[in-house]
Structures are given as C-alpha cells and as structure tokens.
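In what follows, a single structure is set out as structure tokens and then discussed.
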Protein chains: 2
Amino acid sequence: MGAQDGRRVTSVDVAKRAGVSQSAVSRAFSRTASIAPATREKILRAAAELDYRPNRIPAIMLSGRSGMVGVVVGGLSNPFYASALEHLVCSLRDQGLQVLLVHVDDALTLDSALEQLLGYRIDAVVTALAIGSEVVAQALGTLRIPVICFNSRLTGPWISTVSSNNRAAGVTAAHLLRERGVACPAWLAGPLRNAASVARGEGFREGLGALAAGLVSLQGDDTYESGYEAVSTMLARGVRPDGMFCSNDMMACGAIDALRDRAGLCCPRDVVLLGYDNIPQGAWRAYDLTTFDQGVERLVGAACALLAEALADGAEPVSQSLVIGAELLERGSTGPV
Amino acid sequence: MGAQDGRRVTSVDVAKRAGVSQSAVSRAFSRTASIAPATREKILRAAAELDYRPNRIPAIMLSGRSGMVGVVVGGLSNPFYASALEHLVCSLRDQGLQVLLVHVDDALTLDSALEQLLGYRIDAVVTALAIGSEVVAQALGTLRIPVICFNSRLTGPWISTVSSNNRAAGVTAAHLLRERGVACPAWLAGPLRNAASVARGEGFREGLGALAAGLVSLQGDDTYESGYEAVSTMLARGVRPDGMFCSNDMMACGAIDALRDRAGLCCPRDVVLLGYDNIPQGAWRAYDLTTFDQGVERLVGAACALLAEALADGAEPVSQSLVIGAELLERGSTGPV
DNA sequence: TTGTAGGCGTTATCAA
DNA sequence: TTGATAACGCCTACAA
C-alpha cells in the first residue's frame, strides 16, 4: 500500500483515492476549515489506507513560520543544564513547538550554527550559553527573531532573559554562614563571563558585611575538577576557611572532596558549605549538599511564557527580563539548625 | 536595510539589487553550480547589504530531504546519555545534519512525537530509548526512514543498532571479581526492558562459573536512588556480598553510598564493586569507581557512519548491527592490583 | 460544503 | 555563463 514506487504519499494521492479534490484533503486535516463530517471520515479512511502523513514543509513556506525553535546549549555535562533542556523540550512540545538543537563550544561555532538554523526559518532561539556576552549579543541581536536567554546579561530589542535571583541568593548564603558562626568565609567563583556567577559573588560579599574583609576568593570554571583544584591549592597554601559558598553544585562537590581528601575536613563539622543549582548529585549521600534550587520548572515555564508572547501574531520585538526567586534548600553540608 | 516592510528578504530581492536573475542568486549560494566569479561577488555583496539568508525550506520540498534527523531521548538525567547526546549533535552537525530533538516518557508520547517529526520530513531517527521494545519497534518500523538505535535489540528492515559488547563486559567483570578473591558476588540489574542490562547480567553469570550458584541478584531501574534502595534492603536482610557488579554507574554510586551509610562498608576493602558507562561522577573522589567505558565517541561515530550509509543516494533499507567493545577502566573501587 | 487556481521561495532543466 | 520556466505539496481565497 502507499508509495510502492518510492514516491511519498501526497494529499493528491489521498484525494484521488477518496474521490474528492485535493483541497478537501487539506481541510480534513485542518482544525479550522469547515468540512462535512462524512467527507472528512471518508478522507481520513483513505489517508489511513495509504499511510499518508501531512507534510508541514509547504505550510512553512506559506506562513513563514516553521514551528521550530532553535535551542543552543553549551555544557550538557552539567546535569543542571541537561535537566533544563529536558524540561524545555517537553514544555515547547506542549506549545506545539519543535526543538532544533545546536551545541556550541565557542563564538565561531555559534555564528555558523545560527546561520544554519536560520535557513530552516526557526521562529525563535532559546539559549543558556555562557560565552562572551558581547559576541553573543551581536550574533543573536541581528537575527530579527525572538531570543530567550537564561541567566544572561544580554540585552537588545529582540532579546528577553530569565534569571534566578542570583544576587539575593548570594546574600542569603552569606547570612546562613554568619548564622552558623563562620569567621573565615570563602567564595568559589565560576568563570567571569558567567553573569550569574558574578551576581552571586556580589550578593555574597554584600551579605557578609564586615566579614567580607577577610573573604578568601577562589576561581573555578563551573566544573567538578576546577572546584577540586581550587580548594586543593588553597589548602596547600595553608588557608583554611570555615565556611564556603560555591557558585554551582559541580564545583561544590569538587570542593567537598578536596576538603576531605587533602585535609580530612568534613562538612559541616569543619566547613559550612553550600552550592547552587540543586543538581541530583548534590543530594547523593556522599555530598548531602545544601544548595539553591532555581526551580527548573519555573525557569523553563517563564521562558516559554515569554516565548509565547513574543511569538503571538503581530507582536512587536519583545525585550523583557524575568527574575525567578531561587530557594535555599538546606541539607547536611550546612549542618543541623 | 532589508525587509523594512516586515517581509523577509528573498532571492528575488537580491537579484533585483544585483541586477541579475533570481537563478543567478541561487547559483551564487550553491556549491556545485557554475557561475562567473565576478557575478558571484556582485551577488554576495548585494545579499550582504540586504542581510539575505537563503531559505532551505523550498529545497526540502523539492528534494524531499530535510537534512534533519529526529533524535529521541529518554533519561537525560543520566550523564551518560547527556554526554552521548552532546557528541551526537556535534557529529551530525559535522555531517551537515540538524537535530530535531524529542523527549519521550512512554510509548504514547513516542507515537505522537514521531507523528510530529514526520511532518517535518526528517531523514532519519536516532534513539537510545529503553522503552518496551515491541512497541517501539512497531512505531519505528513503519516510518520508512532509517532508524539507528543504541544498545537495543530492535530489528527491522530500516533499523540498525550500535551496541557495546555488554555480554563480554559482564564476563570480564566476573573474572575481575574472581581475581580479587570474591566469594559472595552480587548483581544489581537495570530494568528488564533494558536489553543492555540483561546482556551484562548474562555475561556476568556466565563468567562467574561455579560462583554463580550463590549469586545475589538485586533489581534496580538505572537510577542512583534505586541502587541505594536495593543495597539498603539487601543489607537490612543481613545479606553481605563481598563483590558487586552494577549494571550502570548511577546505581553503582547509590550502591557505594548505601554500603557506607547502612553498614559502614567500604570499597574495595569490604566490597569489590564496579559499574558501567564511565560517567564523570564515577571518577569523583567520593566514588573512585571502576567501570566500563563504552567510548561515547566511538559509539556515536559508529552510529553516524551507519547513518551516512543509510542516507546515501539510492540506498536500500539498511539493517546492520555494530558492536563496540567496552573497555575496563580500573579505579579504586576494585582495589589495587 | 466543495472544487479551481494561484502562490510560497527555492532548485533543476533547458535554451540562449 | 546566464535567464526563463517548471516543478515541489500544501494552504487559501474565490467561485460554484
């Protein structure tokens, strides 16, 4: 049945079999068009017999809208981003949008990737990149389609952002350490290009008040290894903080392991420590990590809401910023209350 | 510049500005067509001025090929799959293929997801699903486009598979435990629908030889929590193996934590333990997990090779099976040599 | 409610 | 090397 000759089954084939016009077939598969139930029935039967599947491509040509959203990801090795992607894909599907996925390492890849995507007439771009923001804003701004960024500082007429309240969380982290009687705090930063990390650091410093004077600042790159390295180096220099805020959970796990390995230090007994993101591994018994939960669902939900607005018929270029409050999730690494 | 009136810039606009025919514009952007360098130059300049980007959609209509591959993923929360996806996206891009990503929870979602994808005229499907294979094979088999599966038992005229040598790895795991003098081995299985897990278990049992008689079999579902639970329950029943093979690293991490938490048991001192997948977390100091490395690059590379073959012009329905050898990666959890 | 006809933006074919 | 023209498969007026 169907395309014996290799050719794909088209609406014309179905029309022929059902003894109707091609436009009738189109109507049978349309939500809005009016068609007699009996005719529709007949057509659907013929379509099923031929194993016909409507082709969306011509509709894209006519409408100029593909129903596809370009999703640009960087570090999928961070479970937080993997989870965000998973939620995003599901939410977009529920909005009837498909995801055209691109992985990007640097600004160059980004440019060529976007070029590719644009050929497919994607309706929008969603991204959680942490590449040099200047370059990215430049590249994204010229697309003339809506762009939604996570935890970014990018701005532009087509660019909207969704962020968690990084600065406030930093303050909260500082207050928690002070409550726990921390005297010598440390801050483990993510890469400087990561706007969220910078904001967390600023909030932390602010919340520390007088304690900020003696703040030990370490630099990581958001990976477990960098957290392990940074803390190992610090310990080797004889620096021993009793409280620590890590810009993300991956580094926090590395920090905990380095403290244990290199100096026999335990959390929270010797160091009160917390991270950010609430990745599943933080909940693993070996870490039992206090952290900030960004609420991936809310974050993604907000992004999709912005997207829906930006894609609404006749919408002007939208540029909004939404801030989602991150919630402190206390576990063992900051000790009992 | 460009579409002041909101309309998108087309090749006709560029042609007008460059003072050439529309076909000339098409040629200027084509790799194969022949065109005078001067003409090409002139056209590209006009295109740049208008910010023109070729539209791939009409080409899809003409050729029937979209250059898009549907990628169906399940558990992105397993870092192994996240990593595989990352590699896959990059490799496909290098082949000039785009990724249309779909997340699927159950067979129902799969059906509707595939229906969606087919509307976009995807050229092939790549998947690492571990859903009931009957249903999936049914759904995938009727697509009439190439399907590449990871670690699956699916078969059919259009279906190819890439697997790691699960059975052989199971045997190797058993031999390692025997070398270490294990007397009471345990096996922590993944879900039954996971063909890879079943094969690993069979190989393990085979490799154990006489020891298989006393094998302790535990059931998990490939998550950390299930590993933790299964081992906790086992310990509560007073069962204390001295060697353990876990069907994947996530469960292995859970097992290690349960052994430590619930019975103060350490690896490798009290239990010689190994997993499968080589996820980054297994290398974290808290686990230091011996495991089998599937070689994501090789796995993905093989899949892409199969795909290229299946998509070659005039290719018949391809059905191949490739097996990639997994390599034992010894770390601390199986002890020093 | 139904059929006819035009067009979406390219690529491919053919003639010049 | 170029330009005109016919597809590709569907949607959407418009007419019946």
Side-chain angles (χ1 to χ4, degrees), chain A residues 2-3 5-44 46-47 50-67 116 118-123 313, chain B residues 2-3 5-44 46-47 50-67 96 118-123 313:
Chain A
D5 56 355
R7 211 176 38 63
R8 262 197 257 227
V9 182
T10 73
S11 55
V12 173
D13 300 321
V14 177
K16 220 169 278 176
R17 184 179 188 98
V20 297
S21 74
Q22 182 273 324
S23 29
V25 177
S26 177
R27 290 191 193 99
F29 283 92
S30 152
R31 283 258 162 254
T32 56
S34 73
I35 185 174
T39 314
R40 182 200 198 90
E41 194 75 14
K42 186 171 56 178
I43 294 173
L44 291 182
L50 293 174
D51 202 23
Y52 166 72
R53 301 173 198 275
N55 186 349
R56 287 208 53 177
I57 303 295
I60 298 177
M61 276 190 64
L62 292 177
S63 68
R65 305 193 131 203
S66 64
Q116 293 282 324
L118 285 173
Y120 285 94
R121 291 298 183 255
I122 50 169
D123 297 334
D313 287 334
Chain B
D5 56 354
R7 212 177 35 65
R8 263 197 256 229
V9 182
T10 72
S11 56
V12 173
D13 300 319
V14 177
K16 222 169 275 175
R17 184 178 190 99
V20 296
S21 73
Q22 183 275 325
S23 342
V25 177
S26 177
R27 287 191 196 100
F29 283 93
S30 152
R31 283 260 161 253
T32 57
S34 73
I35 184 174
T39 314
R40 182 198 196 90
E41 195 75 16
K42 185 170 58 177
I43 292 173
L44 291 182
L50 294 175
D51 202 24
Y52 165 73
R53 300 172 198 276
N55 186 350
R56 288 208 53 178
I57 302 295
I60 299 176
M61 277 191 62
L62 291 178
S63 69
R65 303 193 134 203
S66 63
L118 286 173
Y120 285 94
R121 291 299 184 255
I122 51 169
D123 297 335
D313 288 334

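Just the heavy atoms: all of them, side chains too, but no hydrogens, waters or symmetry mates, feed the values below. Predicted, not measured: the structure shown is a model, and the values here were computed from it.
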(message) On the side chain of B:Arg27, is there an atom forming a donor-acceptor pair with the base of D:dG3 - under 3.5 Å, no angle test?
(response) yes
(request) Check the distance between D:dC10's P and A:Lys16's NZ and give it to me in whole angstrom. (result) 13 Å
(request) Remember a base hit wins even if backbone is also touched, and classify A:Ser11 as base, sugar-phosphate or nothing at under 4.0 Å, heavy atoms. (result) sugar-phosphate
(message) Please determine whether a side-chain nitrogen of the Lys or Arg among A:Asp13 and A:Arg7 lies less than 4.0 Å from a carboxylate oxygen of the Asp or Glu.
(response) yes
(message) Surrounding NZ of A:Lys42 (heavy atoms of other residues, nucleotides or ligands, distance under 6.0 Å), is the total greater than 12?
(response) yes
(request) Check the distance between D:dG9's P and A:Arg53's CZ and give it to me in whole angstrom. (result) 17 Å
(request) Would you indicate what B:Leu62 reaches in the nucleic acid, counting non-hydrogen atoms under 4.0 angstrom: base, sugar-phosphate, or nothing? (result) base
Result block: side-chain N/O donor-acceptor pairs under 3.5 angstrom for residues 52-62 of chain B, not counting sequence neighbours:
residue, atom, partner, partner atom, Å
B:Arg53, NH1, A:Glu115, OE1, 3.1
B:Arg53, NH1, A:Glu115, OE2, 3.0
B:Asn55, OD1, B:Ile57, N, 2.9
B:Arg56, NH1, A:Tyr120, OH, 3.0

(request) Could you tell me the separation between the CZ atom of B:Arg121 and the P atom of D:dG9, rounded to a whole number of Å? (result) 9 Å
(request) Please report, rounded to the nearest Å, how far the P atom of D:dC11 is from the CZ atom of A:Phe29. (result) 10 Å
(request) Could you pull out the closest heavy-atom pair between B:Gly64 and A:Arg8, with the gap in Å? (result) O-NH2, 2.8 Å
(message) Between C1' on D:dC11 and CD1 on B:Ile57, what's the gap in Å once rounded to a whole number?
(response) 16 Å
(message) With a strict under 4.0 Å distance from non-hydrogen atoms of chain A, what nucleotide opens and what nucleotide closes the contacted stretch of DNA chain C, reading 5' to 3'?
(response) C:dT1 to C:dG9
(request) Determine the contact category for B:Ser23: base if any of its heavy atoms lies under 4.0 Å from a base atom, sugar-phosphate if only primed atoms, P, OP1 or OP2 are that close, otherwise nothing. (result) base
(message) By nearest atom, which of the nucleotides D:dT2, D:dG9, D:dC8 is closest to the B:Thr39 side chain?
(response) D:dT2
(request) Would you confirm whether B:Asp123, through its side chain, and B:Gly67, through its main-chain N or O, come within 3.5 Å as a donor-acceptor pair? (result) yes
(request) For B:Val20 and for A:Asn55, find the nucleotide of DNA chain D with the closest heavy atom, then tell me which residue's nucleotide is more 5'. (result) B:Val20
(message) Quick check on DNA chain D: between B:Pro37 and B:Met61, whose nearest nucleotide comes earlier from the 5' end?
(response) B:Pro37
(message) Out of the candidates A:Thr10, A:Thr39, A:Val12, A:Val14, only one should pair with A:Val25 under the side chain to side chain contact (heavy atoms under 4.5 Å, CB included) rule; please name it.
(response) A:Val14
(message) So A:Leu50 and A:Lys16, do their side chains get closer than 4.5 Å, heavy atoms only?
(response) no
(message) Whole angstroms only, please: what is the CZ-P distance between A:Arg8 and D:dC10?
(response) 11 Å
(request) Just call it for B:Tyr52: base, sugar-phosphate, or nothing, with non-hydrogen atoms closer than 4.0 Å on any strand. (result) sugar-phosphate
